[in-house]
Amino acid sequence: MRVFNKISSMVQPLTRTWSGKLALSELDQVGVTNHVPTIYFYKHSPDDWITVLQTLKSSLSCTLVHFYPLAGRLSFASRGRLEINCNAAGVQFMEAYADKMLMDLDTFLPSPIYHQLIPSIDYQNAPLEEVPLVVLQVTRFSCGGFSLGLNISHVVADGQSALHFVSEWARICRGELIESVPYLDRSFLRAGEPPRSCSTIEHEQFGLPPVLIDQSSKSEREQETTVAMLRLIATQVEKLREMADRSQKSEMSHGFTRYEAITAHIWQTSCKARNHKPEQPTALNISVDIRNKMRPPLPQKYFGNAIVDVIATGFSGEIVSNSLGYVSNKIRDVIKKVDDEYVNSVIDSLKRQEDLSRFGELSTSNDEGPYYGNPNLGVISWLTLPIYGTDFGWGKEIHMGPGTHESDGASLILNGQDGDGSLIVPICLQVRHMEDFKKVFYQDIDL
Ligand code: COA
């Protein structure tokens, strides 16, 4: 496929917006701090494509009046911290054309074609202060269908916030009024404040996760990776949940969630497919949405990162030889500890760090930062994110999904698009482990 005639422009907020430096919370600057790609495919567009582009741009410009931090740029503050320079520099909007029909694509699933449909960010060569926080590309296919590839900075918006922005943009594009304005003040998560307590709790997510016995994480980081999108039909999902419940029944007040059971299954499967020694330590990174865990809860539509990572740990032999319920319980136990007090102690620990940059991926010493590839993994839930039904005025998407993700061990769980109870598990693994992973993943459910 050839994608051509790329035209780039900056879309700025329609009217004057607040300008100045917006303090970021510590939670904005740790974990995933680069841009996160997603893609939407649409079957139809009106013949008058120029009007479509104009409508998308003018509605984006209106939406940015409310979401103006997205039109700003990051800048460095003291002590390895970042802030948002709300300067209305704009969102990068690319227009492009593809010489194929949508139906010519073999698959809507992540493939090298995505690189042509979602603009990427060159962190190495562009000064941080010049990198747009949102870059997007609208590509028209020869059949009249189109794709919207988005890449949004995770420093500015987590999954909930990014999807809030996209859904309000779609609403305004359809000619409706904004439904809920974002809550932009990050002081709720104590952005810019000094640490509160002298708590000395050491949070495990700030340490380095285990590495493969007898090997450095560097050699693992260099391995070629590949992505698979594994589908679980509703009966397979229920079977996994039952398998988890059955083995832990006497100790539980209520059954495991889909996330707990499926993540446990992914963890067991990855330990098997990676062929670990039984004494191999392994860690699982879980992102927990804290919006309703704070007291009081965060304001409705808090815009930023309201995510805390927790880590479940074990040994591969222990993970593989115990029941699905045992592993699900391990996952439940670490999620359970996240409450208001826990989050505040995480924020305090981060505030006490002299240099925060080493906890994010923008750091140039990235290669030495925490590595959640082999023997570790991270499973992020998109189960409660409103990812489907984004209608810009020409119909709902026929496919929405994550863009390219290339880090070994990175995995997501999302609902299938048809609302039939099926789930999709996109997972990135080293090429040498993928075939075994796929085989064991389904084999163990069918046993
Ligand atoms: N809408 C519909 N269902 C919801 C819901 C919502 N807003 N919130 C919770 N539920 C459902 C869940 O789907 C789950 O049902 P299930 O057992 O049928 O699967 C149940 O209520 C319990 O949900 P929850 O308390 O969230 O537990 P969990 O085990 O499903 O998930 C976490 C645990 C930590 C993954 C989850 O709480 C979380 O924080 N997710 C983060 C989502 C996120 O922000 N991802 C993007 C990161 S950038």
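We count ligands from 1, going down the list as the structure has it; atoms in each ligand are counted the same way. Because the structure is a prediction, the values reported are computed rather than measured.
For T17, there are no side chain to side chain donor-acceptor pair (under 3.5 Å) partners two or more places apart in sequence or in a different chain. For D122, the side chain to side chain donor-acceptor pair (under 3.5 Å) criterion is met by N125, not counting sequence neighbours.
Using a cutoff of 4.0 Å between basic side-chain nitrogens and carboxylate oxygens, D408 and R274 are scored as salt-bridged. A salt bridge between R291 and D158 is present, with a side-chain N of the basic residue lying under 4.0 Å from a carboxylate O of the acidic one.
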Donor-acceptor pairs under 3.5 Å, side chain of residues 165-172 to any protein atom, not counting sequence neighbours: which ones?
unit_1	atom_1	unit_2	atom_2	d
S167	OG	L163	O	3.4
S167	OG	H164	O	3.2
E168	OE1	R171	NE	3.1
E168	OE1	E179	N	3.0
E168	OE2	S180	N	2.9
E168	OE2	S180	OG	3.3
W169	NE1	L56	O	3.2
W169	NE1	S59	OG	3.1

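F93 carries K57 over the face of its six-membered ring, with the cationic atom under 6.0 Å from the centre and within 45° of the normal.
Around ligand 1, the residues contributing at least one heavy atom under 4.0 Å from the ligand are H154, G159, R241, T257, R258, Y259, E260, S287, V288, D289, I307, I335, I380, S381, T384, L385.
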